[in-house]
Engineer: 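If you scroll down you'll find the structure; I have some questions about it.
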Amino acid sequence: VLMHTYSLCEALGEAPFRGETALASSATLTAALRHLRELAALCQERFFEMNPIRTAEFMTQTDEIAYCPLGYGYSNYSRRGYARALLKAGCPVLFEDRPLRTVLGGAGLAVSARTRHIQTCVDYARFTAEPAIQRGIYFEAGGQPGHRSAWTDARVNAASNDFFKDTLPALDNALVRPPYPGYMYFQDRASPIAHECVTGKISPAMAAEKLNSLYRESKSK
């Protein structure tokens with residue numbers, strides 16, 4: 001929900017995280033949350049407790065939901081034999097005649113400075129990141145590769161219902177979560193606020209005020 005808030009702020013003409021004192025202006029942030037609340041009002045309450053993986057599980061294990069307009073991409077659900085049904089991933093929905101810019105996430109790979117085996121760990125990290133490995137055994141073993149050559153590889157796409165080819169434009173156009181030191185402090189505390197707003201527990205205006213206050217607090221972390 002918080003990531004969708006970022007996307008809608010940008011779609012409304014104001015990219016988030018550009019200022020030092022506010023995630024976005026009160027008017028833009030309130031409008032973004034109001035749009036999400038209007039969308040959420042069309043959903044059954046049980047879906048407010050589902051994260052993206054539980055949503056994918058629900059879609060593949062039942063015949064109740066045929067389409068999800070926004071979510072995170074997990075390529076395993078587009079691989080034959082992984083789940084009961086096969087998901088077809090694509091780019092995000094349009095907002096006022098142009099695609100929403102999604103928010104890029106993912107996990108990193110690093111070597112701890114505290115390890116006693118620095119060279120071994122560095123060698124393994126380098127091995128894991130090699131283009132041929134990313135296109136090969138990394139993907140074949142169930143991994144979701146990060147190297148671009150894997151995303152454009154014909155064999156990888158043939159084995160994943162074109163997941164990578166069909167979603168790559170969304171990644172190329174995505175917003176990137178800011179790397180300032182207090183960001184995770186903000187995200188962990190901001191997510192419940194956005195969720196409370198779309199589920200009707202607090203107003204969009206109040207949520208916007210709380211988010212901007214929390215953003216200012218996070219900048220000092």
Side-chain angles (χ1 to χ4, degrees), residues 1-56 58 65 67-74 89-108 167 169-221:
V1 172
L2 185 64
M3 302 302 115
H4 299 339
T5 303
Y6 301 166
S7 294
L8 281 167
C9 283
E10 197 278 337
L12 291 166
E14 188 178 348
F17 298 104
R18 293 295 174 87
E20 289 295 314
T21 60
L23 170 64
S25 68
S26 179
T28 297
L29 194 49
T30 299
L33 290 162
R34 186 177 296 116
H35 279 299
L36 279 175
R37 188 164 174 168
E38 290 171 357
L39 181 63
L42 303 174
C43 300
Q44 297 175 20
E45 285 191 13
R46 57 178 168 161
F47 293 112
F48 295 144
E49 302 303 321
M50 289 189 184
N51 63 21
I53 293 177
R54 287 183 63 190
T55 301
F58 188 83
I65 302 297
Y67 175 67
C68 175
L70 292 167
Y72 284 129
Y74 298 101
C91 285
V93 294
L94 300 180
F95 181 84
E96 296 184 350
D97 298 324
R98 67 187 184 100
L100 276 176
R101 292 183 67 189
T102 53
V103 179
L104 191 61
T167 57
L171 271 71
D172 284 342
N173 191 44
L175 300 167
V176 179
R177 288 182 287 189
Y180 72 94
Y183 174 72
M184 288 309 301
Y185 176 90
F186 173 78
Q187 180 175 294
D188 289 344
R189 291 158 179 78
S191 295
I193 295 172
H195 194 271
E196 286 180 349
C197 176
V198 300
T199 53
K201 295 181 177 67
I202 59 175
S203 70
M206 180 179 293
E209 182 180 342
K210 287 187 173 186
L211 289 174
N212 277 334
S213 176
L214 184 61
Y215 176 68
R216 288 189 292 273
E217 184 181 340
S218 75
K219 294 297 283 187
S220 67
K221 295 296 177 182

Engineer: Determine whether a donor-acceptor pair (N or O, by modelled atom type, separation under 3.5 Å) exists between the side chain of Glu10 and the backbone of Leu175.
Structural biologist: no
Engineer: I need the Leu23 CG to Lys219 NZ distance, nearest 0.5 Å.
Structural biologist: 10.5 Å
Engineer: With a 3.5 Å distance limit and no angle check, can you tell me whether His195 reaches the backbone of Phe48 through a side-chain donor-acceptor pair?
Structural biologist: yes
Engineer: Using a 4.5 Å cut-off on heavy atoms from C-beta on, say whether the side chain of Tyr67 contacts that of Val93.
Structural biologist: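 In contact.
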Engineer: Using 0.5 Å steps for rounding, measure from the CZ atom of Phe95 to the CG atom of Leu8.
Structural biologist: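 Here the interatomic distance stands at 5.5 Å.
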Engineer: Can you confirm whether more than 12 heavy atoms, excluding those of Glu209, are under 6.0 Å from its CD atom?
Structural biologist: no
Engineer: If I take atom CD1 from residue Ile193 and atom CZ from residue Phe186, how far apart are they, to the nearest 0.5 angstrom?
Structural biologist: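 CZ of Phe186 is found 7.5 Å from CD1 of Ile193.
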Engineer: Indicate the atoms forming the closest heavy-atom contact of Ala89 with Thr167, along with that distance.
Structural biologist: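 Heavy-atom minimum between the residues: CB-CG2, 3.7 Å.
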Engineer: Do Met3 and Gln187 come within less than 4.5 Å of each other through their side chains, counting heavy atoms only?
Structural biologist: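 Heavy-atom side-chain distance check passes, below 4.5 Å.
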Engineer: If I compare all heavy atoms of Pro204 with all of Thr30, which pair ends up nearest, and what's the gap?
Structural biologist: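 Looks like CB-O, 3.7 Å.
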Engineer: To the nearest 0.5 angstrom, please state how far the OH atom of Tyr180 sits from the CZ atom of Phe17.
Structural biologist: 5.5 Å
Engineer: Got a donor-acceptor contact below 3.5 angstrom from the Ser218 side chain to the Tyr215 backbone?
Structural biologist: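 Between the backbone of Tyr215 and the side chain of Ser218 there is a qualifying donor-acceptor contact (under 3.5 Å).
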Engineer: Take Tyr72 and Thr102 through the side chain to side chain contact (heavy atoms under 4.5 Å, CB included) test and state the conclusion after the steps.
Structural biologist: CA-CA 9 Å; Tyr72 284 129; Thr102 53; over 6 Å; no
Engineer: Counting distance only, does the side-chain N/O of Ser220 pair as donor-acceptor with the main-chain N or O of Glu217 below 3.5 Å?
Structural biologist: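 The answer is yes, because a donor-acceptor pair under 3.5 Å joins these two groups.
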Engineer: Measure across Pro169 and Cys91 and return the closest heavy-atom pair with its distance rounded to 0.1 Å.
Structural biologist: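 Heavy-atom minimum between the residues: CB-SG, 3.8 Å.
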Engineer: Can Arg54 be said to sit on top of Phe58's aromatic six-ring, NZ or CZ under 6.0 Å from centre and within 45° of the ring axis?
Structural biologist: no
Engineer: How long is the straight-line distance from NE2 of His4 back to CG of Leu100, given to the nearest 0.5 Å?
Structural biologist: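 Leu100 CG to His4 NE2: 9.0 Å, rounded to 0.5 Å.
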Engineer: What pairs with Lys221 under salt bridge (Lys or Arg N to Asp or Glu O under 4.0 Å), at least two apart in sequence or on another chain?
Structural biologist: none
Engineer: Give me the atom names and distance for the closest heavy-atom approach of Leu94 to Pro99.
Structural biologist: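 Scanning both residues completely, I find the closest heavy atoms to be CD2-N, 3.4 Å.
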Engineer: So, for Ser26 and Ala208, which heavy atoms are closest and what is the spacing to 0.1 Å?
Structural biologist: O-CB, 4.2 Å
Engineer: For a quick test of reading the model, state the closest non-hydrogen atom pair linking Ala24 to Asn212 and the distance between them.
Structural biologist: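 Nearest heavy atoms, Ala24 then Asn212: O-ND2, 3.0 Å.
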Engineer: Using 0.5 Å steps for rounding, measure from the OG1 atom of Thr199 to the CG atom of Leu36.
Structural biologist: 11.5 Å
